[in-house]
There are 2 protein chains.
Amino acid sequence: MYGSERSRSASHQSYEMLRDKILNGELQGGTKIVEEKIAAELGVSRTPIRESIRKLEYEGLIVNKRVVKPTEKDLRNMFQVRILLEGYSAQCAASYIKEKELEELLACVEIGRNGEVEEIMKANERFHEIIVQSSNNPVMIDIIDRMQSTIYLFRKTVVFYNRPHLIDEHEQIYEAIKERDGQKAEQLMKSHLQADLEFCLHLIG
Amino acid sequence: MYGSERSRSASHQSYEMLRDKILNGELQGGTKIVEEKIAAELGVSRTPIRESIRKLEYEGLIVNKRVVKPTEKDLRNMFQVRILLEGYSAQCAASYIKEKELEELLACVEIGRNGEVEEIMKANERFHEIIVQSSNNPVMIDIIDRMQSTIYLFRKTVVFYNRPHLIDEHEQIYEAIKERDGQKAEQLMKSHLQADLEFCLHLIG
DNA sequence: TACATAAAAATTGTATACATTTTTTTATTT
DNA sequence: AAATAAAAAAATGTATACAATTTTTATGTA
């Protein structure tokens with residue numbers, strides 16, 4: 001259904017193009033973003049480009065007309081928030097998650113063990129996504145989402161590693177949720193994310 | 001110093017004007033926002049108006065070209081996040097707050113007891129602000145800030161009441177922080193905000 | 001060389017005009 | 001009278017032009 005979707009507005013196309021280029025590193029941190037240059041590149045006027053840039057500014061991917069270059073401190077700050085919100089989401093999930101999602105969590109763990117690199121990465125992202133969604137709180141989901149791109153940007157270089165124990169930790173979280181033990185699920189999620197942060201900082205710093 | 005500040009760009013002026021009108025109720029929830037109308041009102045072109053509208057959209061004050069009309073569910077969702085983040089901030093404050101800020105917290109409590117209505121309202125806001133700031137986490141501060149306007153919008157009609165025990169609760173939180181008891185401060189902050197939410201919902205629903 | 005300053009260039013902010021889409025109104029049919 | 005389609009109007013999206021600002025470069029001086 002989605003595949004056949006009509007192409008959206010110029011500003012939206014520009015937004016997606018810029019975001020992708022930032023996330024995949026084609027536009028490196030610190031690069032100056034000049035409206036006219038982007039406009040020429042896409043063959044449109046500056047007007048829609050400006051809107052797309054504003055949007056990326058609100059998302060934190062562009063700061064002061066430059067591609068963001070998140071510092072360690074930025075990453076720590078985001079993770080601090082993420083740990084609080086995803087930890088809480090895990091607790092909610094233990095109470096509210098449905099059988100279907102529970103099965104999908106398990107599937108993610110299994111792909112994490114036996115899948116191809118690309119699959120594994122997707123499954124790991126999906127694992128967190130399912131839990132966050134199950135908070136059933138659009139405000140919370142939104143906040144986590146918005147931080148996601150900057151976090152991804154920071155750990156770009158790390159992402160092809162697979163941290164030791166990562167899948168084991170996912171499995172433990174899954175078990176806790178399955179047993180409907182909210183406290184445990186929250187605690188496990190928090191230390192999982194903490195370990196993730198530290199691995200990330202260690203590799204880079 | 002700030003008083004004599006140069007007037008900012010048209011889009012920023014427009015942003016402030018619209019935001020204020022929304023917050024003080026001059027533009028009611030559900031009101032359609034039409035670019036040309038606003039532009040004519042301010043005597044500028046649509047271009048800067050569009051930017052200001054986008055900004056308000058990101059802040060959640062405009063949704064689908066209409067002034068937002070937050071539902072009870074929205075308020076609950078925001079408070080859920082706010083309780084997590086401000087609770088945590090209170091914990092941090094217990095560890096890190098400086099003498100000067102502690103004194104200011106106490107001053108807020110005292111104004112809450114003896115001040116004029118306007119002063120009290122300001123002091124109560126300031127009380128929370130100090131604690132949030134002391135988290136020392138710009139990401140966290142930003143998120144709380146962004147929710148603030150929508151929360152304010154919702155409780156506009158409530159704001160001139162002063163909930164019973166509100167100041168007592170502030171004082172207890174202050175005491176816990178002063179005693180450097182992070183767990184207690186967090187717990188007190190959480191129930192304080194929970195009570196606030198319920199008072200608000202009760203008055204309106 | 002290092003620093004300040006003026007001129008030039010580049011970039012962003014805003015106005016206006018037109019194209020496209022969405023909403024409202026009106027007309028038509030059942 | 002209700003439902004539908006066609007037409008008109010309104011509103012938004014985009015392009016272009018110009019004004020204001022910021023950044024860069026060139027130039028002169030200590």
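Order of the sequence lines sets the chain letters (A, B, ...), proteins ahead of strands, with each chain counted from 1.
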Residue whose closest nucleotide on DNA chain D lies nearer the 5' end, B:Thr47 versus B:Glu35: B:Glu35

Earlier contact from the 5' end, DNA chain D, for B:Ile33 and A:Gly43: B:Ile33

Between [X] ([atom1]) and [N] ([atom2]), how many Å, whole number?
X	N	atom1	atom2	value
B:Leu42	C:dA15	CG	P	10 Å
B:His12	D:dT21	NE2	C1'	17 Å
A:Lys65	C:dA10	NZ	P	18 Å
A:Arg8	D:dT14	CZ	P	12 Å
A:Arg50	C:dT12	CZ	C1'	6 Å
B:Glu51	C:dA15	CD	C1'	14 Å
A:Gln13	D:dG13	CD	P	15 Å
B:Ile49	C:dA15	CD1	C1'	12 Å

Nucleotide nearest B:Ser11 when distance is taken to its side chain, options D:dT16, C:dA15, C:dT14: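 Of all the options, the side chain of B:Ser11 is nearest to C:dT14.
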
Closest to the B:Arg54 side chain, choosing from D:dT14, D:dG13, C:dT11: D:dG13

B:Phe79 six-ring centre to B:Arg82 NZ/CZ under 6.0 Å and within 45° of normal: yes

B:Gln183 and B:Gln187: side chain donor to acceptor below 3.5 Å: no

Separation of A:Glu110 CD from A:Ile167 CD1 (nearest 0.5 Å):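 A:Ile167 CD1 to A:Glu110 CD: 11.5 Å, rounded to 0.5 Å.
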
A:Arg46 (side chain) and C:dG13 (base): donor-acceptor pair under 3.5 Å: yes

Aromatic centroids of A:His170 and A:His128 separated by under 6.0 Å: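 Ring centroids of A:His128 and A:His170 are less than 6.0 Å from each other.
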
